[in-house]
Asks: 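Provided herewith is a single structure, encoded as structure tokens, for subsequent inquiry.
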Number of protein chains: 2
Amino acid sequence: MIEKVYVTNRCPIRTTLELTGGKWKLLILSQLFQKSLRLSELKASIPDISEKMLIQELKTLVESGMVLRTNYGEVPPRVVYSLTRVGEATKPLIAAMKDFAEAYEQQLKER
Amino acid sequence: MIEKVYVTNRCPIRTTLELTGGKWKLLILSQLFQKSLRLSELKASIPDISEKMLIQELKTLVESGMVLRTNYGEVPPRVVYSLTRVGEATKPLIAAMKDFAEAYEQQLKER
DNA sequence: CCGCATCCTACACGATACTG
DNA sequence: CAGTATCGTGTAGGATGCGG
């Protein structure tokens, strides 16, 4: 099929946007790169995120298979979030975003 | 310490999201990689985009310095959109999205 | 052909309070 | 600590029509 299809149904850009789009998902994933984190740690590490959004986004990330939720069933509760293999596949994506942001700000200075 | 600062003010992820976020900007940019395009060509190459959104997003892309708008001042009008240098800097980003989408769908098959 | 002006709706996102 | 539940709002995105 022809090139027009590129942006159509299984367009990788649209797929990625569906999985990682929105204001918070990539920020959450980026915090999990280094180590697994508890909810409270995530909240503390991401300025301005509300608890509702954090939980809500974590839920969708778990459902889409990017994040693993581990409940240790203790009292008081201990729940740890970590990246799955697919979740780790966002690493180059975030790296590319970092590169782009730097290139963009560099360009601002030159003008 | 959880790298608290990483995600704060000049966080590259937030910067990139501000510049390229939303449903359409990256799709538009990706169409301009190969060659410059007129509005009508862009509209034809991106399924489901409304003319309003296309024009609106192009405007912000021009304002943020990612796209160059060239008006040939002819009758009938001929206006061509092309990538600036910074606009081209999104290429690795989109490539990373493509890679991720493929990795994700691959993972789906394996399970 | 290219673009602007309205009007409108849906949902992403937020504030707050409450539970095991 | 880790969640639900509820309610409210801003704005991204869409439909339509007009104009140079």
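Numbers restart at 1 for each chain; the letters A, B, ... are given by sequence-line order, proteins then strands. Below, all heavy atoms of this structure are taken into account, side chains as well, without hydrogens, waters or symmetry copies.
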Asks: In whole Å, what is the span from the CG atom of B/N71 to the C1' atom of C/dG3?
Replies: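 Interatomic distance, CG of B/N71 to C1' of C/dG3: 11 Å.
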Asks: Just by protein heavy atoms under 4.0 Å, how would nucleotides 13-20 of chain D read 5' to 3' in B, S and -?
Replies: BBB----B
Asks: In whole angstroms, how far is the P atom of C/dG14 from the CG atom of A/L54?
Replies: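 Result: 11 Å.
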Asks: State, to 0.1 Å, how close A/T84 and A/V67 come at their nearest heavy-atom pair, and which atoms those are.
Replies: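 Minimum heavy-atom contact is CG2-C, 3.7 Å.
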Asks: Of all residues at least two apart in sequence or in a different chain, which pass the side-chain contact (heavy atoms from CB on, under 4.5 Å) check with A/K52?
Replies: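 In terms of side-chain contact (heavy atoms from CB on, under 4.5 Å), with neighbours along the sequence ignored, A/K52 is linked to A/S50, A/Q56.
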Asks: With respect to the phosphate group of D/dA2, does any side-chain polar atom (N or O) of A/R78 fall under 4.0 Å of OP1 or OP2?
Replies: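 For A/R78, the contact criterion (side-chain N or O under 4.0 Å from OP1 or OP2 of D/dA2) is not met.
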Asks: To the nearest angstrom, how far is A/L42 atom CG from D/dA2 atom P?
Replies: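 Nearest whole value for this atom pair: 9 Å.
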Asks: What pairs with B/E105 under salt bridge (charged side-chain N to carboxylate O under 4.0 Å, His left out), at least two apart in sequence or on another chain?
Replies: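 Scan of B/E105 (salt bridge (charged side-chain N to carboxylate O under 4.0 Å, His left out), adjacent residues dropped) gives A/R10.
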Asks: Could you tell me which residues satisfy side-chain contact (heavy atoms from CB on, under 4.5 Å) with A/R69, sequence neighbours excluded, listed by chain and number?
Replies: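 Expected list: A/V62, A/N71, A/V79, A/Y81.
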Asks: Just to verify, what does A/E63 make a side-chain contact (heavy atoms from CB on, under 4.5 Å) with, not counting sequence neighbours?
Replies: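 By the side-chain contact (heavy atoms from CB on, under 4.5 Å) rule, A/E63 matches A/K59.
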Asks: How many Å lie between CG on A/L61 and C1' on C/dA12, as a whole number?
Replies: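 Rounding to the nearest Å, CG of A/L61 and C1' of C/dA12 are 15 Å apart.
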Asks: Indicate whether OP1 or OP2 belonging to D/dA2 is found under 4.0 Å from a side-chain N or O atom of A/R69.
Replies: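 Result: no.
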Asks: For residues 20-30 of chain A, which residue pairs qualify under salt bridge (Lys or Arg N to Asp or Glu O under 4.0 Å), counting only residues two or more places apart or in two chains?
Replies: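 Residue pairs with at least one partner in residues 20-30 of chain A: A/K25-A/E57.
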Asks: Give a yes/no answer on whether the side chain of A/Y81 brings an N or O atom under 4.0 Å of OP1 or OP2 in D/dC1.
Replies: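 For A/Y81, the contact criterion (side-chain N or O under 4.0 Å from OP1 or OP2 of D/dC1) is not met.
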Asks: Just to confirm, is there a sub-4.0 Å distance from OP1 or OP2 of C/dG3 to any side-chain nitrogen or oxygen of B/R38?
Replies: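 Checking C/dG3 against B/R38, no side-chain N or O comes under 4.0 Å of OP1 or OP2.
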Asks: List in chain and number order the residues that pass salt bridge (charged side-chain N to carboxylate O under 4.0 Å, His left out) with A/E88, two or more places apart in sequence or in another chain; answer none if no residue qualifies.
Replies: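 Salt bridge (charged side-chain N to carboxylate O under 4.0 Å, His left out) list for A/E88, sorted by chain: empty.
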Asks: Both atom distances under 3.5 Å, Watson-Crick or G-U wobble: I'd like the secondary structure of DNA chain C as a dot-bracket string, with | for pairs made across strands.
Replies: |.||||||||||||||||||
Asks: Rounded to the nearest angstrom, tell me the gap between atom CG in B/L58 and atom C1' in C/dC1.
Replies: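 Nearest whole value for this atom pair: 14 Å.
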Asks: State whether the side chain of B/S64 and the backbone N or O of B/L61 hold a donor-acceptor pair below 3.5 Å, judged by distance alone.
Replies: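 Answer holds: yes.
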Asks: Under 4.0 Å: is that the gap between some side-chain N or O of B/Y72 and OP1 or OP2 of C/dC2?
Replies: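 For C/dC2, OP1/OP2 do not have a side-chain N/O of B/Y72 under 4.0 Å.
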Asks: Taking the side chain of B/K59 as its heavy atoms from C-beta onward, which of C/dG3, C/dC4, C/dC1 lies nearest to it?
Replies: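 Looking only at heavy atoms from C-beta outward on B/K59, the closest nucleotide is C/dC4.
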Asks: For B/K43, give me all partners under side-chain contact (heavy atoms from CB on, under 4.5 Å), at least two apart in sequence or on another chain.
Replies: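 For B/K43, the residues satisfying side-chain contact (heavy atoms from CB on, under 4.5 Å) (neighbours in sequence not counted) are B/E51, B/L54.
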Asks: Over how many whole Å does the gap from B/L37 atom CG to C/dC1 atom P extend?
Replies: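 That distance rounds to 15 Å.
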Asks: Scan B/L39 against the nucleic acid and name what it touches under 4.0 Å (heavy atoms): base, sugar-phosphate only, or nothing.
Replies: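 The answer is sugar-phosphate, as B/L39 gets under 4.0 Å only of primed atoms, P, OP1 or OP2.
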Asks: So A/K43, base contact, sugar-phosphate only, or nothing? Heavy-atom distance under 4.0 Å.
Replies: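 If one applies the 4.0 Å heavy-atom cut-off, A/K43 turns out to touch nothing in the nucleic acid.
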